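Computed from a predicted model, the values in this text were never measured in an experiment.
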Amino acid sequence: MAREMTTVIESLSAARIVPVLVIDDAHRAAELGAALAEGGIRAAEVTLRTPAGLEALAAMSQVDGLTVGAGTVLSARQVDECADAGATFIVSPGWDDEVVARAQQIGLGILPGVATATEVQRAVRAGLTHLKLFPAGQLGGLAMIDSLCGPFPGLQYMPSGGVGPSNAAEYIAHRAVFALSGSWMASRATIEAGDFDGIRAASREAMDLVR
């Protein structure tokens with residue numbers, strides 16, 4: 001299990017940006033994945049916020065060169081469903097003992113959301129070193145990360161919420177940030193409109209910001 005988690009973290013760290021995707025029509029997923037990959041994106045989080053989430057996840061997991069995980073995972077049952085659909089990692093908006101334990105049990109990467117020092121301490125107890133900070137902007141952004149670095153040295157964060165072109169470069173330069181989570185390069189509306197040229201171009205621009 002540790003090896004699988006290490007491999008996923010290495011992939012996400014190399015990817016630098018993990019788009020958060022809300023997909024209403026699973027038939028758009030494969031073309032979306034291709035557009036992201038052609039724009040230089042190497043990882044993606046397909047959320048379960050819509051009924052099409054699992055089917056879209058399965059389609060995107062087939063895209064070459066893309067590490068695909070599931071987001072907005074709220075239960076152990078959903079962890080199993082996402083694994084069956086091809087997810088290599090699980091992202092939750094907050095801390096959930098059952099979600100974390102099940103992902104670890106079946107060998108999936110797990111990035112639980114944390115918003116307090118108490119949740120970070122629980123993550124440490126669970127053996128995790130890489131976490132999602134959510135909602136990063138509302139929590140104070142880099143100032144929050146700096147505060148957490150004191151009592152929890154060595155932990156790494158993927159900020160999500162309020163991350164965009166204006167602050168991406170500053171976030172990724174922080175020593176405790178291993179990747180960024182955001183949706184600006186492929187918003188729900190842009191995906192629904194089928195603007196894959198726009199997504200491809202926005203992905204290139206996003207990658208330029210964090211190189």
Is any side-chain heavy atom of [X] closer than 4.5 Å to a side-chain heavy atom of [Y]?
| X | Y | answer |
| --- | --- | --- |
| D96 | L74 | no |
| I23 | R49 | no |
| D197 | I199 | no |
| S92 | L111 | no |
| L36 | L32 | yes |
| N167 | V163 | yes |
| L57 | M60 | no |

For the residue pair [X] and [Y], what are the closest heavy atoms and their distance?
| X | Y | value |
| --- | --- | --- |
| A76 | V99 | N-CG2, 4.1 Å |
| A136 | Y171 | CB-OH, 3.9 Å |
| C149 | R175 | CB-NH2, 3.7 Å |
| H174 | D146 | NE2-OD1, 2.6 Å |
| A115 | F134 | CB-O, 3.5 Å |
| G53 | L48 | C-CD2, 4.2 Å |

The test is salt bridge (Lys or Arg N to Asp or Glu O under 4.0 Å); show your working for R188 and E192 and say whether it passes.
CA-CA 6 Å; R188 184 174 187 173; E192 182 63 19; over 6 Å; no
Value rounded to 0.5 Å, distance of [atom1] in [X] from [atom2] in [Y]:
| X | Y | atom1 | atom2 | result |
| --- | --- | --- | --- | --- |
| M158 | I172 | CE | CD1 | 10.5 Å |
| R102 | I110 | CZ | CD1 | 12.5 Å |
| W184 | L209 | CH2 | CG | 7.0 Å |
| I191 | E31 | CD1 | CD | 12.0 Å |
| I9 | T129 | CD1 | OG1 | 6.5 Å |
| L142 | L133 | CG | CG | 9.5 Å |

Criterion side-chain contact (heavy atoms from CB on, under 4.5 Å) on K132 and Y157, from CA distance to verdict:
CA-CA 6 Å; K132 170 183 174 177; Y157 301 92; over 6 Å; no
Begin from the C-alpha positions of T67 and R42 and carry the test side-chain contact (heavy atoms from CB on, under 4.5 Å) through to its verdict.
CA-CA 6 Å; T67 299; R42 291 292 173 261; over 6 Å; no
Please check: side-chain N/O of [X] versus main-chain N/O of [Y], any donor-acceptor pairing under 3.5 Å?
| X | Y | value |
| --- | --- | --- |
| S183 | A186 | no |
| D84 | V79 | no |
| Q121 | A117 | no |
| R16 | M207 | no |
| S11 | T7 | yes |
| S203 | I41 | no |
| Q105 | V100 | no |
| E38 | A35 | no |

If you group Ile, Leu, Val, Met, Phe, Trp and Tyr by side-chain heavy-atom gaps below 4.5 Å, do [X] and [Y] land in one group?
| X | Y | value |
| --- | --- | --- |
| V22 | V91 | no |
| L66 | V20 | no |
| F196 | I17 | yes |

Test log, rule side-chain contact (heavy atoms from CB on, under 4.5 Å), inputs T47 and L21
CA-CA 6 Å; T47 70; L21 307 173; 5.8 Å; no
State whether the number of non-hydrogen atoms from other residues, nucleotides or ligands found under 6.0 Å of [X] atom [atom1] is greater than 12.
| X | atom1 | answer |
| --- | --- | --- |
| Q138 | CD | yes |
| E170 | CD | no |
| E98 | CD | no |

Begin with the C-alpha distance, continue with both residues' side-chain angles, and end with the deciding distance and a verdict on side-chain contact (heavy atoms from CB on, under 4.5 Å) for L155 and L131.
CA-CA 8 Å; L155 295 190; L131 307 167; 4.3 Å; yes
For R77, is there an ion pair with D80 - N to carboxylate O distance below 4.0 angstrom?
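No, D80 and R77 are not salt-bridged.
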